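Letters A, B, ... mirror the listed sequences (proteins, then strands); counts begin at 1. Note that the structure is predicted; figures quoted are calculated from it, not measured.
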Amino acid sequence: MAKIITRFPPSPTGNFHIGSARTALFNYLFANHNGGEMLFRFEDTDRERSKPEFEKDIIEGLAWLGLHTAPSAFRQSERTEIYKKHLLKLIENGAAFEAEDSTTTLGMKVVRFKNPNKTVTFHDAVRGDITFDTTELGDFIIARTHDLPLYHLAVVIDDAEMGVTHIIRGEDHISNTQRQLLLIEALGFVRPEYAHIPLILAPDKSKLSKRHGAVSLSEYRAQGFVPEALVNYLALLGWNPGGERELYTLGELEKEFTLDRVHKSGAIFNIEKLTWFNFEHLKQLSNEEYTMRLKEFTGRDVDARIVPLIKERAQTLAEAARLLGEYDFLGAISYAPELLLQGGKIATEVASNHLRALAVLLEPVPDEGFSAAQLKSIIMPYADSQGRGVVLWPLRVALSGREKSPDPFTLAALMGKKETLARIARAVESL
RNA sequence: GGCCCUAUCGUCUAAUGGUUAGGACGGCGCCCUCUCACGGCGCAAAUCGGGGUUCGAAUCCCCGUAGGGUCACCA
């Protein structure tokens, strides 16, 4: 069986769109599942709208997601001669003809395809047979001049020359397929297999676009989403391997992916579910890896000791960055007596006595004994006998200086014996 | 409007003629608890409508209805 070749052909006329990323993912998954490869090219025949910065954004986004393509990236704008050769052939054998420009430019000629006005049927791997009557298309334009081919012509020639066997693209291309089929026939090319995947929809069920909020991959990256989560979530929008499992790595998706399980109907993009996937994948990162990503995300140094605390709470790296500031318990803190007394609910005498008692309790504990579990077993019996609230609250605030924080055992273990006792002493003093 | 596509909880989905229609997100409630989270348990919530076919239909067929895509010298 011939090697399977898919392709991802974005036009660099905007930042890497989330829907485009999913199309790339499906092509990647299908190719790799079958031991083939995904090719990459820029469709920049529209010179006006194509921009280098968009090319950069797309290339970086692809790399960030971990979707490697065959080293064949090129631009359609650099292949004029190839298109010209085929275009001339079409004119020569009468399949295309030059016609007057219908717009204002005088004397200009465009090339139109001579439509045979017939019915075409193609098989779609996700939708079955689809039939069109091409008559309504008329003699559509395929090139502005001999040197400026339009989309349909360039696509068909590139796919044939690159040996593309499977075209997997959004369903907004279904109606484009008829023109391309006609061109493929006229050029004598082999017809590839088609699979039109459902669109990613906005909450109002229309095609997801800028007016609905964030649509480019880089925006999600900036919001603290990790590629593992995007890949996992996007793969499950419009495709499902069956069963109830939801968490997959890119490699696992690759093993499972088949076109016959791609859905027919559009899927609404839901940021909350994406956020859940992000949290799950974030939790699966090792502390070292997590620290690295957080450093990269914030561009600042990260105290590795507090990463485990952040990891179990932050759903995104942006939230982790926020907690990083909030959990800066190790730095200088000051005490507000009202806070130590839980806004007056605890009497000054009571809090101060318990804190003193805790210091006495902790004094004999060796440095190595300052683990959260150890400390809990030492402090809890005392707290239980005296009342948890009046013991634990002042202690936690003494250590964190804050209204909200992790539990006092975790904090004490984090800062060690010396700092713990010093903070308790200072808290007593401030009372 | 023409052509094309689609239709299971609010959302993502499971089910490939036989299930009390399952799971997840979100929501709500309870538990855990010194705080904020995390976590655990539970509840509500769906087969668009109408006809067939069949012993039996979410599933197959037809007709409606609704939604979407596309109708460029853009891709």
Return yes if the base of C34(B) and the side-chain atoms of Arg396(A) contain a donor-acceptor N/O pair under 3.5 Å, otherwise no.
yes
Could you check how far CG of Leu153(A) sits from C1' of A75(B), rounded to whole Å?
14 Å
Using a 4.0 Å heavy-atom cut-off, does Asp407(A) contact any base of the nucleic acid, only the sugar-phosphate backbone, or nothing at all?
base
Identify every side-chain donor-acceptor pair in residues 421-431 of chain A under 3.5 Å, counting partners at least two apart or on other chains, and give the distances.
unit_1    : atom_1 : unit_2    : atom_2 : d
Arg423(A) : NE     : Glu419(A) : OE2    : 2.6
Arg423(A) : NH1    : Phe329(A) : O      : 2.6
Arg423(A) : NH1    : Leu399(A) : O      : 2.8
Arg423(A) : NH2    : Phe329(A) : O      : 2.8
Arg423(A) : NH2    : Leu330(A) : O      : 3.3
Arg423(A) : NH2    : Gly331(A) : O      : 3.0
Arg423(A) : NH2    : Glu419(A) : OE2    : 3.1
Ser430(A) : OG     : Ala427(A) : O      : 2.9

By the 4.0 Å heavy-atom rule, please label Ser400(A) as base, sugar-phosphate, or nothing.
nothing
Taking all non-hydrogen atoms of both residues into account, name the closest pair between Ala357(A) and Tyr382(A) and its distance.
CB-OH, 3.2 Å
Any idea how Tyr248(A) and Trp239(A) line up, ring-wise: parallel (<30°), tilted (30 to 60°), or perpendicular (>60°)?
perpendicular
Using a heavy-atom cut-off of under 4.0 Å over every strand shown, decide if Pro394(A) touches base, sugar-phosphate, or nothing.
nothing
Side-chain contact check for Gln342(A): nearest option of C4(B), G39(B), C34(B) is C34(B)
What's the verdict on side-chain contact (heavy atoms from CB on, under 4.5 Å) for Leu87(A) and Leu153(A), showing C-alpha distance, side-chain angles and the deciding distance?
CA-CA 8 Å; Leu87(A) 182 61; Leu153(A) 214 219; 3.9 Å; yes
So which heavy atom on Ala372(A) is nearest to which on Ala413(A), and how close?
N-CB, 3.5 Å
Within the 4.0 Å heavy-atom criterion, would you say Phe140(A) contacts the bases, only the backbone, or no part of the nucleic acid?
nothing
In whole Å, what separates the P atom of U35(B) from that of C30(B)?
16 Å
Could you state the atom-to-atom distance from NZ of Lys311(A) to P of C36(B) in whole Å?
25 Å
Could you check which of A14(B), A37(B), G67(B) has an atom nearest any side-chain atom of Glu312(A)?
A37(B)
Can you tell me if Arg22(A) uses its side chain to pair, donor with acceptor, with the backbone of Leu237(A) under 3.5 Å?
yes
By nearest nucleotide on RNA chain B, pick out whichever of Tyr151(A) and Phe409(A) is the more 5' one.
Phe409(A)
Testing Ile268(A), Leu201(A), Leu199(A), Val215(A) for side chain to side chain contact (heavy atoms under 4.5 Å, CB included) with Leu208(A), which one passes?
Val215(A)
Distance in angstrom units between Glu171(A) CD and C3(B) P, rounded
18 Å
Base, sugar-phosphate, or nothing for Ser405(A), non-hydrogen atoms under 4.0 angstrom?
base
Determine which nucleotide pairs with U33(B), using a 3.5 Å limit on both distances of a Watson-Crick or G-U wobble pair.
none
Would one find a side-chain N or O of Lys283(A) under 4.0 angstrom from OP1 or OP2 of G39(B)?
yes
OP1 or OP2 of U13(B) under 4.0 Å from side-chain N/O of His263(A):
yes
Under a 3.5 Å cut-off for both contacts, is C71(B) paired Watson-Crick or G-U wobble with anything, and if yes, with which nucleotide?
G1(B)
Euclidean distance for C1', U59(B) against G68(B) (whole angstrom)
23 Å
Does Pro408(A) reach a base, just sugar-phosphate, or nothing at all? Heavy atoms under 4.0 Å.
base
Find the partner of C28(B): check Watson-Crick (N1-N3 plus N6-O4 or O6-N4) and G-U wobble (N1-O2, O6-N3) distances, both under 3.5 Å, and reply none if neither fits.
G42(B)
Distance, rounded to the nearest Å, where His152(A) contributes NE2 and C74(B) contributes C1'
9 Å
Hey, is the side chain of Arg179(A) poking within less than 4.0 Å of OP1 or OP2 on C3(B), counting only N and O atoms?
no
Does a side chain donor of either Arg144(A) or Thr45(A) reach within less than 3.5 Å of an acceptor in the other side chain?
no
Which part of the nucleic acid does Gly170(A) contact within heavy-atom distance under 4.0 Å: base, sugar-phosphate only, or nothing?
nothing
How many whole angstroms separate atom CG of Asp158(A) from atom P of A75(B)?
12 Å
Closest non-hydrogen atom pair between Leu341(A) and Ala351(A), with its separation:
CD2-CB, 3.6 Å
Distance, C1' atom - from A46(B) to U13(B), rounded to whole angstrom
12 Å
Among C5(B), U13(B), C38(B), which is the nearest nucleotide to the side chain of Ala267(A)?
U13(B)
Taking atom C1' in both G22(B) and A58(B), compute the distance separating them and give it to the nearest angstrom.
13 Å
Counting only heavy atoms not in Lys114(A), do more than 12 sit closer than 6.0 Å to its NZ atom?
no
Would you indicate what Glu136(A) reaches in the nucleic acid, counting non-hydrogen atoms under 4.0 angstrom: base, sugar-phosphate, or nothing?
base
All heavy atoms of Asn278(A) vs all of Gly224(A), minimum pair found to be ND2-O, 3.2 Å
With heavy atoms under 4.0 Å as the rule, sort Leu201(A) into base, sugar-phosphate or nothing.
nothing
Which nucleotides of nucleotides 20-33 of chain B have their base under 4.0 Å from a protein heavy atom (B), which only their sugar-phosphate (S), and which neither (-), written as one string 5' to 3'?
--BSBSS------S
C25(B) to G64(B) separation - C1' atoms, rounded to the nearest Å
34 Å
Minimum-distance nucleotide (side-chain atoms of Ser265(A) versus U6(B), A15(B), G68(B))
U6(B)
Can you measure Asp172(A) atom CG to C71(B) atom C1' for me and round it to whole angstrom units?
13 Å
Spacing of Lys264(A) atom NZ relative to G67(B) atom C1', expressed in whole Å
17 Å
If you draw the axis of the six-membered ring of Phe74(A), does the NZ or CZ of Arg79(A) fall within 45° of it and under 6.0 Å from the ring centre?
yes
If the plane angle is over 60° it's perpendicular, under 30° parallel, otherwise tilted; pick one for His196(A) and Tyr194(A).
parallel
I'd like the C1' distance from G18(B) over to A7(B), given in whole Å.
24 Å
Could you tell me how far C9(B) sits from G49(B) if I compare only their P atoms? Round to whole Å.
11 Å
Look at the side chain of Arg313(A) against the base of C36(B) and say whether a donor-acceptor pair falls under 3.5 Å; ignore hydrogens and angles.
yes
Side-chain atoms of Ser11(A) come closest, of C5(B), A75(B), G68(B), to A75(B)
If we call it a pair only when both distances are under 3.5 Å in a Watson-Crick or G-U wobble match, what pairs with U6(B)?
A66(B)
Any strand, both distances under 3.5 Å, Watson-Crick or G-U wobble: A57(B) pairs with none
Watson-Crick or G-U wobble partner for U20(B), using a 3.5 Å limit on both distances?
none
Sticking with atom C1', work out how far C4(B) lies from U19(B), rounded to a whole angstrom.
36 Å
May I ask you to list the residues of residues 43-54 of chain A, by number, that have any heavy atom positioned under 4.0 Å from an atom of RNA chain B?
Glu43(A), Thr45(A), Asp46(A), Arg49(A)
